[in-house]
Number of protein chains: 2
Amino acid sequence: MRASDTAYAALRDDILQWKYPPGTAFAEVEQATRLSISRTPIREAFARLTAEGLLVALPGRGLVVSDLSRDTIVELFELRVVLESEAARLVALRRDRDTFERLREEFAVATELLDNDDDLAAYYALVGRLDTAMDAAADSSFLVAAIRQLRPHLVRARRLARDNHARLVAAAAEHLTIVEAIVDGDAQLAADATAVHLKKSLKNILDSMDASSPSMQSRHES
Amino acid sequence: MRASDTAYAALRDDILQWKYPPGTAFAEVEQATRLSISRTPIREAFARLTAEGLLVALPGRGLVVSDLSRDTIVELFELRVVLESEAARLVALRRDRDTFERLREEFAVATELLDNDDDLAAYYALVGRLDTAMDAAADSSFLVAAIRQLRPHLVRARRLARDNHARLVAAAAEHLTIVEAIVDGDAQLAADATAVHLKKSLKNILDSMDASSPSMQSRHES
DNA sequence: TCCGCCTCTAATGTATACATACGCGTCAGG
DNA sequence: CCTGACGCGTATGTATACATTAGAGGCGGA
(Lines give C-alpha, C1' and ligand atoms only; values in the text may rest on other atoms or scores of the structure.)
Protein backbone atom coordinates (compact mmCIF):
# COMPACT_ATOMS: atom_id res chain seq x y z
CA MET A 1 0.00 0.00 0.00
CA ARG A 2 1.17 3.52 -0.72
CA ALA A 3 2.49 5.55 2.17
CA SER A 4 0.10 8.37 1.35
CA ASP A 5 -2.85 5.97 1.63
CA THR A 6 -1.61 4.68 4.95
CA ALA A 7 -1.15 8.20 6.26
CA TYR A 8 -4.56 9.26 4.97
CA ALA A 9 -6.29 6.29 6.56
CA ALA A 10 -4.47 6.74 9.86
CA LEU A 11 -5.15 10.46 10.13
CA ARG A 12 -8.75 10.08 9.01
CA ASP A 13 -9.33 7.38 11.58
CA ASP A 14 -7.79 9.45 14.33
CA ILE A 15 -10.04 12.37 13.46
CA LEU A 16 -13.19 10.22 13.22
CA GLN A 17 -12.40 8.63 16.60
CA TRP A 18 -12.07 12.08 18.15
CA LYS A 19 -8.46 11.35 18.99
CA TYR A 20 -7.86 14.79 17.52
CA PRO A 21 -10.77 17.05 18.54
CA PRO A 22 -11.91 19.98 16.39
CA GLY A 23 -9.40 22.79 16.42
CA THR A 24 -6.34 20.56 16.67
CA ALA A 25 -3.59 21.92 14.44
CA PHE A 26 -1.88 19.60 11.97
CA ALA A 27 1.72 20.28 10.99
CA GLU A 28 3.43 18.40 8.19
CA VAL A 29 6.74 17.71 9.91
CA GLU A 30 5.03 16.64 13.10
CA GLN A 31 2.83 14.04 11.41
CA ALA A 32 5.61 12.97 9.09
CA THR A 33 7.78 12.21 12.10
CA ARG A 34 4.99 10.47 13.96
CA LEU A 35 4.15 8.20 11.02
CA SER A 36 7.79 7.74 10.02
CA ILE A 37 7.36 8.86 6.43
CA SER A 38 8.41 11.94 4.53
CA ARG A 39 6.40 15.11 4.10
CA THR A 40 5.37 14.33 0.53
CA PRO A 41 2.77 11.62 1.25
CA ILE A 42 1.67 13.59 4.32
CA ARG A 43 0.89 16.55 2.10
CA GLU A 44 -1.20 14.33 -0.12
CA ALA A 45 -3.08 12.95 2.88
CA PHE A 46 -3.70 16.49 4.15
CA ALA A 47 -5.00 17.51 0.74
CA ARG A 48 -7.50 14.64 0.72
CA LEU A 49 -8.66 15.37 4.25
CA THR A 50 -9.06 19.03 3.37
CA ALA A 51 -11.09 18.14 0.27
CA GLU A 52 -13.34 16.01 2.48
CA GLY A 53 -13.78 18.88 4.89
CA LEU A 54 -12.25 17.06 7.85
CA LEU A 55 -9.43 19.60 7.85
CA VAL A 56 -9.84 23.28 7.12
CA ALA A 57 -7.15 25.83 6.30
CA LEU A 58 -7.39 28.41 9.03
CA PRO A 59 -5.54 31.56 7.91
CA GLY A 60 -2.61 31.99 10.19
CA ARG A 61 -2.96 28.72 12.03
CA GLY A 62 -2.43 26.26 9.24
CA LEU A 63 -4.65 23.19 8.98
CA VAL A 64 -6.94 22.37 11.86
CA VAL A 65 -9.54 19.66 12.42
CA SER A 66 -12.85 21.11 11.31
CA ASP A 67 -15.48 22.19 13.74
CA LEU A 68 -18.52 20.03 14.45
CA SER A 69 -20.84 22.20 16.49
CA ARG A 70 -24.46 21.48 17.20
CA ASP A 71 -25.46 23.82 14.38
CA THR A 72 -23.11 22.10 11.96
CA ILE A 73 -24.64 18.74 12.83
CA VAL A 74 -28.11 20.12 12.20
CA GLU A 75 -26.99 21.39 8.78
CA LEU A 76 -25.39 18.03 8.08
CA PHE A 77 -28.63 16.20 8.77
CA GLU A 78 -30.74 18.71 6.85
CA LEU A 79 -28.71 17.91 3.76
CA ARG A 80 -28.74 14.20 4.53
CA VAL A 81 -32.52 14.23 4.62
CA VAL A 82 -32.63 15.84 1.19
CA LEU A 83 -30.04 13.58 -0.40
CA GLU A 84 -30.92 10.24 1.14
CA SER A 85 -34.64 10.73 0.68
CA GLU A 86 -33.97 11.32 -2.98
CA ALA A 87 -31.74 8.26 -3.09
CA ALA A 88 -34.42 6.13 -1.45
CA ARG A 89 -36.95 7.44 -3.96
CA LEU A 90 -34.71 6.48 -6.87
CA VAL A 91 -33.92 3.06 -5.43
CA ALA A 92 -37.62 2.32 -4.93
CA LEU A 93 -38.26 3.26 -8.56
CA ARG A 94 -35.45 1.09 -9.86
CA ARG A 95 -36.79 -1.93 -7.97
CA ASP A 96 -33.76 -4.14 -7.60
CA ARG A 97 -36.01 -6.56 -5.74
CA ASP A 98 -33.56 -9.40 -5.14
CA THR A 99 -31.02 -7.41 -3.17
CA PHE A 100 -33.53 -5.57 -1.07
CA GLU A 101 -35.74 -8.57 -0.45
CA ARG A 102 -32.73 -10.22 1.17
CA LEU A 103 -32.01 -7.10 3.18
CA ARG A 104 -35.64 -6.97 4.26
CA GLU A 105 -35.40 -10.48 5.66
CA GLU A 106 -32.26 -9.56 7.55
CA PHE A 107 -33.74 -6.41 9.04
CA ALA A 108 -36.88 -8.31 9.98
CA VAL A 109 -34.84 -10.32 12.48
CA ALA A 110 -32.32 -7.59 13.29
CA THR A 111 -33.75 -6.90 16.75
CA GLU A 112 -32.34 -10.23 17.85
CA LEU A 113 -28.85 -8.92 17.16
CA LEU A 114 -29.48 -5.98 19.45
CA ASP A 115 -30.05 -8.11 22.57
CA ASN A 116 -26.48 -9.29 22.58
CA ASP A 117 -23.61 -6.84 22.76
CA ASP A 118 -21.41 -9.23 20.83
CA ASP A 119 -23.78 -9.04 17.89
CA LEU A 120 -23.82 -5.25 17.77
CA ALA A 121 -20.99 -5.23 15.25
CA ALA A 122 -23.07 -7.53 13.03
CA TYR A 123 -25.96 -5.07 13.21
CA TYR A 124 -23.77 -2.15 12.24
CA ALA A 125 -22.36 -4.24 9.40
CA LEU A 126 -25.90 -4.88 8.21
CA VAL A 127 -26.63 -1.15 8.17
CA GLY A 128 -23.41 -0.68 6.24
CA ARG A 129 -24.54 -3.21 3.65
CA LEU A 130 -27.80 -1.33 3.28
CA ASP A 131 -25.89 1.89 2.60
CA THR A 132 -23.75 0.15 0.01
CA ALA A 133 -26.78 -1.40 -1.68
CA MET A 134 -28.53 1.96 -1.75
CA ASP A 135 -25.50 3.63 -3.33
CA ALA A 136 -25.32 0.98 -5.99
CA ALA A 137 -29.06 0.93 -6.70
CA ALA A 138 -29.48 4.72 -6.76
CA ASP A 139 -27.19 4.62 -9.78
CA SER A 140 -26.54 8.33 -9.87
CA SER A 141 -22.87 9.15 -9.59
CA PHE A 142 -23.31 12.75 -8.48
CA LEU A 143 -25.92 11.89 -5.86
CA VAL A 144 -23.83 9.08 -4.44
CA ALA A 145 -20.74 11.28 -4.43
CA ALA A 146 -22.61 13.95 -2.49
CA ILE A 147 -23.83 11.39 0.06
CA ARG A 148 -20.36 9.90 0.40
CA GLN A 149 -19.00 13.37 1.09
CA LEU A 150 -21.20 13.53 4.19
CA ARG A 151 -20.38 10.13 5.66
CA PRO A 152 -17.12 10.94 7.44
CA HIS A 153 -18.78 13.89 9.15
CA LEU A 154 -21.67 11.65 10.09
CA VAL A 155 -19.28 9.14 11.66
CA ARG A 156 -17.86 11.90 13.80
CA ALA A 157 -21.34 13.08 14.77
CA ARG A 158 -22.46 9.58 15.72
CA ARG A 159 -19.62 9.36 18.20
CA LEU A 160 -21.35 12.10 20.16
CA ALA A 161 -24.45 9.97 20.65
CA ARG A 162 -24.84 7.13 23.08
CA ASP A 163 -26.81 4.47 21.26
CA ASN A 164 -29.02 3.07 23.93
CA HIS A 165 -30.93 -0.14 23.33
CA ALA A 166 -34.28 1.55 22.86
CA ARG A 167 -32.94 3.80 20.14
CA LEU A 168 -31.32 0.91 18.29
CA VAL A 169 -34.56 -1.08 18.33
CA ALA A 170 -36.42 1.92 16.98
CA ALA A 171 -33.76 2.52 14.32
CA ALA A 172 -33.96 -1.09 13.19
CA ALA A 173 -37.72 -0.73 12.77
CA GLU A 174 -37.23 2.48 10.78
CA HIS A 175 -34.73 0.76 8.52
CA LEU A 176 -37.14 -2.10 8.00
CA THR A 177 -39.84 0.35 6.96
CA ILE A 178 -37.52 1.90 4.41
CA VAL A 179 -36.48 -1.44 2.95
CA GLU A 180 -40.07 -2.65 2.79
CA ALA A 181 -41.07 0.50 0.91
CA ILE A 182 -38.26 -0.12 -1.56
CA VAL A 183 -39.27 -3.73 -2.08
CA ASP A 184 -42.84 -2.58 -2.64
CA GLY A 185 -41.67 0.03 -5.11
CA ASP A 186 -43.35 2.76 -3.08
CA ALA A 187 -41.02 5.68 -3.82
CA GLN A 188 -42.90 8.25 -1.78
CA LEU A 189 -43.01 6.03 1.29
CA ALA A 190 -39.33 5.17 0.91
CA ALA A 191 -38.43 8.85 0.82
CA ASP A 192 -40.68 9.77 3.73
CA ALA A 193 -39.51 6.84 5.85
CA THR A 194 -35.92 7.88 5.22
CA ALA A 195 -36.69 11.43 6.31
CA VAL A 196 -38.36 10.12 9.44
CA HIS A 197 -35.43 7.89 10.27
CA LEU A 198 -32.87 10.64 9.81
CA LYS A 199 -34.79 13.17 11.84
CA LYS A 200 -35.11 10.72 14.70
CA SER A 201 -31.42 9.93 14.46
CA LEU A 202 -30.64 13.62 14.63
CA LYS A 203 -32.90 14.05 17.63
CA ASN A 204 -31.13 11.19 19.38
CA ILE A 205 -27.74 12.78 18.78
CA LEU A 206 -28.88 16.21 19.92
CA ASP A 207 -30.51 14.78 23.04
CA SER A 208 -27.30 12.94 23.86
CA MET A 209 -25.33 16.15 23.45
CA ASP A 210 -27.69 18.06 25.68
CA ALA A 211 -27.55 15.37 28.32
CA SER A 212 -23.78 15.08 28.44
CA SER A 213 -22.83 18.73 28.09
CA PRO A 214 -25.74 21.13 28.12
CA SER A 215 -23.36 24.05 27.65
CA MET A 216 -22.70 22.95 24.07
CA GLN A 217 -26.23 23.67 22.98
CA SER A 218 -26.71 26.75 20.89
CA ARG A 219 -30.45 27.06 21.00
CA HIS A 220 -31.68 30.58 21.22
CA GLU A 221 -32.60 31.17 24.83
CA SER A 222 -36.01 32.64 24.11
CA MET B 1 0.43 33.28 -6.19
CA ARG B 2 1.50 29.71 -5.51
CA ALA B 3 2.57 27.64 -8.45
CA SER B 4 0.13 24.89 -7.50
CA ASP B 5 -2.74 27.39 -7.62
CA THR B 6 -1.64 28.65 -11.01
CA ALA B 7 -1.37 25.11 -12.33
CA TYR B 8 -4.75 24.18 -10.85
CA ALA B 9 -6.46 27.22 -12.34
CA ALA B 10 -4.83 26.72 -15.73
CA LEU B 11 -5.66 23.02 -15.97
CA ARG B 12 -9.18 23.53 -14.64
CA ASP B 13 -9.79 26.25 -17.18
CA ASP B 14 -8.48 24.13 -20.02
CA ILE B 15 -10.80 21.30 -19.01
CA LEU B 16 -13.84 23.56 -18.60
CA GLN B 17 -13.18 25.14 -22.00
CA TRP B 18 -13.08 21.68 -23.58
CA LYS B 19 -9.49 22.26 -24.61
CA TYR B 20 -8.95 18.81 -23.18
CA PRO B 21 -11.98 16.67 -24.04
CA PRO B 22 -13.11 13.78 -21.82
CA GLY B 23 -10.71 10.87 -22.00
CA THR B 24 -7.60 12.99 -22.42
CA ALA B 25 -4.77 11.52 -20.35
CA PHE B 26 -2.85 13.78 -17.99
CA ALA B 27 0.77 12.97 -17.22
CA GLU B 28 2.72 14.78 -14.52
CA VAL B 29 5.94 15.38 -16.43
CA GLU B 30 4.10 16.50 -19.53
CA GLN B 31 2.09 19.16 -17.70
CA ALA B 32 5.04 20.15 -15.54
CA THR B 33 7.05 20.82 -18.68
CA ARG B 34 4.23 22.68 -20.37
CA LEU B 35 3.63 24.97 -17.38
CA SER B 36 7.32 25.28 -16.59
CA ILE B 37 7.07 24.17 -13.00
CA SER B 38 8.11 21.03 -11.16
CA ARG B 39 6.04 17.94 -10.61
CA THR B 40 5.23 18.74 -6.99
CA PRO B 41 2.69 21.55 -7.56
CA ILE B 42 1.35 19.63 -10.56
CA ARG B 43 0.60 16.70 -8.30
CA GLU B 44 -1.28 18.98 -5.95
CA ALA B 45 -3.28 20.44 -8.84
CA PHE B 46 -4.10 16.93 -10.09
CA ALA B 47 -5.24 15.96 -6.60
CA ARG B 48 -7.62 18.90 -6.43
CA LEU B 49 -9.01 18.23 -9.90
CA THR B 50 -9.50 14.59 -9.00
CA ALA B 51 -11.32 15.54 -5.78
CA GLU B 52 -13.61 17.77 -7.86
CA GLY B 53 -14.29 14.93 -10.24
CA LEU B 54 -12.87 16.69 -13.29
CA LEU B 55 -10.14 14.06 -13.44
CA VAL B 56 -10.65 10.39 -12.68
CA ALA B 57 -8.00 7.77 -12.00
CA LEU B 58 -8.46 5.17 -14.69
CA PRO B 59 -6.69 1.98 -13.59
CA GLY B 60 -3.84 1.40 -15.96
CA ARG B 61 -4.18 4.65 -17.88
CA GLY B 62 -3.44 7.16 -15.18
CA LEU B 63 -5.56 10.29 -14.83
CA VAL B 64 -7.97 11.18 -17.58
CA VAL B 65 -10.49 13.98 -18.01
CA SER B 66 -13.80 12.68 -16.70
CA ASP B 67 -16.60 11.71 -18.97
CA LEU B 68 -19.59 13.99 -19.53
CA SER B 69 -22.09 11.93 -21.42
CA ARG B 70 -25.71 12.79 -21.93
CA ASP B 71 -26.66 10.47 -19.06
CA THR B 72 -24.11 12.11 -16.78
CA ILE B 73 -25.56 15.51 -17.57
CA VAL B 74 -29.03 14.27 -16.74
CA GLU B 75 -27.78 12.96 -13.39
CA LEU B 76 -26.02 16.25 -12.78
CA PHE B 77 -29.21 18.20 -13.28
CA GLU B 78 -31.30 15.75 -11.25
CA LEU B 79 -29.09 16.49 -8.28
CA ARG B 80 -29.02 20.20 -9.06
CA VAL B 81 -32.79 20.30 -8.93
CA VAL B 82 -32.77 18.70 -5.50
CA LEU B 83 -30.01 20.86 -4.06
CA GLU B 84 -30.86 24.23 -5.55
CA SER B 85 -34.55 23.88 -4.89
CA GLU B 86 -33.70 23.24 -1.26
CA ALA B 87 -31.35 26.23 -1.27
CA ALA B 88 -34.05 28.46 -2.77
CA ARG B 89 -36.47 27.23 -0.12
CA LEU B 90 -34.05 28.11 2.66
CA VAL B 91 -33.23 31.49 1.17
CA ALA B 92 -36.91 32.36 0.89
CA LEU B 93 -37.39 31.44 4.54
CA ARG B 94 -34.41 33.50 5.69
CA ARG B 95 -35.75 36.56 3.88
CA ASP B 96 -32.69 38.69 3.33
CA ARG B 97 -34.94 41.20 1.59
CA ASP B 98 -32.44 43.98 0.84
CA THR B 99 -30.09 41.88 -1.24
CA PHE B 100 -32.77 40.11 -3.21
CA GLU B 101 -34.91 43.19 -3.71
CA ARG B 102 -31.94 44.74 -5.50
CA LEU B 103 -31.43 41.60 -7.54
CA ARG B 104 -35.11 41.60 -8.41
CA GLU B 105 -34.83 45.11 -9.83
CA GLU B 106 -31.82 44.08 -11.88
CA PHE B 107 -33.48 40.98 -13.28
CA ALA B 108 -36.61 43.00 -14.07
CA VAL B 109 -34.62 44.93 -16.66
CA ALA B 110 -32.24 42.13 -17.60
CA THR B 111 -33.87 41.49 -20.97
CA GLU B 112 -32.40 44.78 -22.14
CA LEU B 113 -28.94 43.34 -21.65
CA LEU B 114 -29.81 40.44 -23.91
CA ASP B 115 -30.47 42.60 -26.96
CA ASN B 116 -26.87 43.67 -27.18
CA ASP B 117 -24.10 41.11 -27.52
CA ASP B 118 -21.72 43.44 -25.71
CA ASP B 119 -23.92 43.30 -22.64
CA LEU B 120 -24.09 39.51 -22.54
CA ALA B 121 -21.14 39.38 -20.16
CA ALA B 122 -23.01 41.74 -17.84
CA TYR B 123 -25.99 39.39 -17.87
CA TYR B 124 -23.86 36.37 -17.03
CA ALA B 125 -22.23 38.42 -14.25
CA LEU B 126 -25.69 39.17 -12.88
CA VAL B 127 -26.54 35.47 -12.81
CA GLY B 128 -23.23 34.88 -11.04
CA ARG B 129 -24.14 37.46 -8.40
CA LEU B 130 -27.44 35.68 -7.87
CA ASP B 131 -25.60 32.39 -7.29
CA THR B 132 -23.28 34.06 -4.81
CA ALA B 133 -26.14 35.71 -2.97
CA MET B 134 -28.01 32.39 -2.79
CA ASP B 135 -24.96 30.63 -1.39
CA ALA B 136 -24.54 33.27 1.28
CA ALA B 137 -28.23 33.44 2.19
CA ALA B 138 -28.78 29.68 2.26
CA ASP B 139 -26.32 29.69 5.15
CA SER B 140 -25.80 25.96 5.21
CA SER B 141 -22.18 25.02 4.72
CA PHE B 142 -22.81 21.44 3.64
CA LEU B 143 -25.53 22.38 1.17
CA VAL B 144 -23.43 25.12 -0.36
CA ALA B 145 -20.42 22.81 -0.54
CA ALA B 146 -22.50 20.22 -2.37
CA ILE B 147 -23.76 22.80 -4.85
CA ARG B 148 -20.26 24.17 -5.40
CA GLN B 149 -19.07 20.66 -6.15
CA LEU B 150 -21.45 20.58 -9.12
CA ARG B 151 -20.58 23.96 -10.63
CA PRO B 152 -17.46 23.00 -12.60
CA HIS B 153 -19.33 20.14 -14.22
CA LEU B 154 -22.17 22.49 -15.00
CA VAL B 155 -19.79 24.91 -16.68
CA ARG B 156 -18.59 22.08 -18.90
CA ALA B 157 -22.16 21.04 -19.69
CA ARG B 158 -23.20 24.59 -20.57
CA ARG B 159 -20.49 24.71 -23.19
CA LEU B 160 -22.42 22.05 -25.05
CA ALA B 161 -25.45 24.29 -25.39
CA ARG B 162 -25.86 27.16 -27.76
CA ASP B 163 -27.61 29.89 -25.84
CA ASN B 164 -29.93 31.38 -28.39
CA HIS B 165 -31.68 34.65 -27.70
CA ALA B 166 -35.04 33.09 -27.05
CA ARG B 167 -33.65 30.78 -24.40
CA LEU B 168 -31.82 33.61 -22.65
CA VAL B 169 -34.99 35.70 -22.51
CA ALA B 170 -36.88 32.77 -21.06
CA ALA B 171 -34.12 32.07 -18.55
CA ALA B 172 -34.12 35.69 -17.40
CA ALA B 173 -37.86 35.46 -16.82
CA GLU B 174 -37.38 32.24 -14.84
CA HIS B 175 -34.70 33.86 -12.71
CA LEU B 176 -36.98 36.80 -12.06
CA THR B 177 -39.71 34.45 -10.88
CA ILE B 178 -37.30 32.81 -8.46
CA VAL B 179 -36.06 36.11 -7.05
CA GLU B 180 -39.61 37.44 -6.69
CA ALA B 181 -40.61 34.34 -4.77
CA ILE B 182 -37.65 34.85 -2.45
CA VAL B 183 -38.51 38.49 -1.89
CA ASP B 184 -42.08 37.48 -1.12
CA GLY B 185 -40.86 34.81 1.27
CA ASP B 186 -42.75 32.14 -0.65
CA ALA B 187 -40.49 29.14 -0.04
CA GLN B 188 -42.57 26.64 -1.96
CA LEU B 189 -42.77 28.87 -5.03
CA ALA B 190 -39.04 29.60 -4.86
CA ALA B 191 -38.28 25.89 -4.81
CA ASP B 192 -40.71 25.06 -7.59
CA ALA B 193 -39.56 27.94 -9.79
CA THR B 194 -35.97 26.77 -9.34
CA ALA B 195 -36.94 23.26 -10.39
CA VAL B 196 -38.73 24.63 -13.44
CA HIS B 197 -35.77 26.75 -14.43
CA LEU B 198 -33.29 23.91 -14.10
CA LYS B 199 -35.42 21.46 -16.01
CA LYS B 200 -35.80 23.93 -18.85
CA SER B 201 -32.06 24.58 -18.82
CA LEU B 202 -31.44 20.87 -19.04
CA LYS B 203 -33.87 20.52 -21.91
CA ASN B 204 -32.09 23.32 -23.75
CA ILE B 205 -28.74 21.61 -23.33
CA LEU B 206 -30.07 18.22 -24.40
CA ASP B 207 -31.81 19.72 -27.43
CA SER B 208 -28.59 21.45 -28.43
CA MET B 209 -26.71 18.18 -28.12
CA ASP B 210 -29.26 16.34 -30.21
CA ALA B 211 -29.16 19.03 -32.86
CA SER B 212 -25.39 19.19 -33.15
CA SER B 213 -24.54 15.52 -32.86
CA PRO B 214 -27.58 13.24 -32.76
CA SER B 215 -25.28 10.23 -32.44
CA MET B 216 -24.39 11.25 -28.90
CA GLN B 217 -27.88 10.69 -27.62
CA SER B 218 -28.40 7.61 -25.51
CA ARG B 219 -32.14 7.40 -25.43
CA HIS B 220 -33.48 3.92 -25.64
CA GLU B 221 -34.59 3.44 -29.17
CA SER B 222 -38.04 2.09 -28.30
C1' DT C 1 4.02 53.29 27.78
C1' DC C 2 2.47 52.12 23.47
C1' DC C 3 2.92 51.52 18.71
C1' DG C 4 5.37 50.04 14.79
C1' DC C 5 9.02 48.01 12.45
C1' DC C 6 12.50 44.71 11.91
C1' DT C 7 14.48 40.41 12.34
C1' DC C 8 14.63 35.71 13.33
C1' DT C 9 12.49 31.43 13.01
C1' DA C 10 9.68 27.92 11.85
C1' DA C 11 6.44 26.68 8.97
C1' DT C 12 4.86 25.62 4.10
C1' DG C 13 6.01 25.75 -0.97
C1' DT C 14 9.02 24.04 -4.64
C1' DA C 15 12.54 21.51 -7.09
C1' DT C 16 14.85 17.45 -7.95
C1' DA C 17 17.02 13.03 -7.28
C1' DC C 18 16.03 8.43 -6.40
C1' DA C 19 12.96 4.17 -5.82
C1' DT C 20 9.55 1.39 -7.51
C1' DA C 21 5.98 -0.52 -9.96
C1' DC C 22 3.28 -1.36 -13.85
C1' DG C 23 2.34 -1.78 -18.81
C1' DC C 24 3.86 -2.92 -23.24
C1' DG C 25 6.56 -5.15 -26.49
C1' DT C 26 9.16 -8.87 -27.86
C1' DC C 27 10.82 -13.38 -27.98
C1' DA C 28 10.57 -18.17 -27.30
C1' DG C 29 8.16 -22.34 -26.62
C1' DG C 30 4.24 -25.17 -27.25
C1' DC D 1 -0.06 -19.19 -34.79
C1' DC D 2 -1.13 -18.33 -30.25
C1' DT D 3 0.15 -17.78 -25.57
C1' DG D 4 2.89 -16.68 -21.76
C1' DA D 5 6.84 -14.91 -19.55
C1' DC D 6 10.61 -11.89 -19.19
C1' DG D 7 12.74 -7.44 -19.41
C1' DC D 8 12.87 -2.79 -20.62
C1' DG D 9 11.04 1.79 -20.34
C1' DT D 10 8.26 5.19 -18.71
C1' DA D 11 5.22 6.41 -15.64
C1' DT D 12 4.08 7.55 -10.57
C1' DG D 13 5.60 7.31 -5.52
C1' DT D 14 8.86 8.94 -2.07
C1' DA D 15 12.59 11.35 0.18
C1' DT D 16 15.10 15.34 0.87
C1' DA D 17 17.37 19.71 0.04
C1' DC D 18 16.45 24.38 -0.85
C1' DA D 19 13.39 28.71 -1.29
C1' DT D 20 10.15 31.62 0.42
C1' DT D 21 6.85 33.53 3.20
C1' DA D 22 4.37 34.67 7.19
C1' DG D 23 4.16 35.06 12.32
C1' DA D 24 5.98 36.05 16.82
C1' DG D 25 8.88 38.54 19.66
C1' DG D 26 11.87 42.05 20.79
C1' DC D 27 13.76 46.55 20.35
C1' DG D 28 13.65 51.30 19.43
C1' DG D 29 11.44 55.59 18.81
C1' DA D 30 7.65 58.70 19.60
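Letters A, B, ... are given to chains in the order of the sequence lines, protein chains preceding strands, and every chain is numbered from 1. Hydrogens, waters and symmetry mates are skipped; everything else that's a heavy atom, side chains included, is used. No experiment lies behind these values; they were computed from the predicted model shown.
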Whole angstrom is fine here: how far is it from [atom1] in [X] over to [atom2] in [N]?
X        : N       : atom1 : atom2 : answer
Ile37(A) : dA15(D) : CD1   : P     : 6 Å
Asp5(A)  : dA21(C) : CG    : P     : 14 Å
Leu58(A) : dT12(C) : CG    : P     : 14 Å
Arg2(A)  : dC22(C) : CZ    : C1'   : 13 Å
Leu35(B) : dA15(C) : CG    : P     : 11 Å
Arg39(B) : dT14(D) : CZ    : P     : 11 Å
Glu44(A) : dA15(D) : CD    : C1'   : 14 Å
Met1(A)  : dA21(C) : CE    : P     : 14 Å

Could you please name the option among [options] that lies closest to any side-chain atom of [X]?
X        : options                   : result
Glu28(A) : dG13(D), dA15(C), dG13(C) : dG13(C)
Ala3(B)  : dT14(D), dT14(C), dA11(D) : dT14(C)
Val29(B) : dA15(D), dT12(D), dT16(C) : dT12(D)
Pro41(B) : dT12(C), dT12(D), dA15(C) : dA15(C)

Anything under 30° is parallel, anything over 60° is perpendicular, the rest tilted; go ahead and classify Tyr123(A) against Phe107(A).
perpendicular
Would you call the rings of Tyr20(A) and Phe26(A) parallel, tilted or perpendicular, taking 30° and 60° as the class edges?
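Answer is perpendicular, since the angle exceeds 60°.
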Check this for me: Arg12(B), atom CZ, are more than 12 non-hydrogen atoms of other residues, nucleotides or ligands nearer than 6.0 Å?
yes
Taking only side-chain nitrogens and oxygens of [X], does any of them come within less than 4.0 Å of OP1 or OP2 of [N]?
X        : N       : answer
Thr40(A) : dT16(D) : no
Ser4(A)  : dG13(D) : no
Arg43(B) : dG13(D) : yes

Side chains of Tyr124(B) and Asp119(B): is there a donor and an acceptor less than 3.5 Å apart?
no
Under 4.0 Å, counting only non-hydrogen atoms across every strand here, what does Gly60(A) touch: a base, just sugar-phosphate, or nothing?
sugar-phosphate
Check every strand shown and say whether Phe46(A) touches a base, only sugar-phosphate, or nothing at a heavy-atom separation below 4.0 Å.
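Since no nucleic acid heavy atom lies under 4.0 Å of Phe46(A), the category is nothing.
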Assess Arg43(A) against Phe46(A): is NZ or CZ under 6.0 Å from the centre of the six-membered ring, and within 45 degrees of the ring's axis?
no
Earlier contact from the 5' end, DNA chain D, for Ala27(B) and Pro59(A):
Ala27(B)
Any N or O donor-acceptor pair under 3.5 Å from the base of dG23(D) to the side chain of Arg61(A)?
no
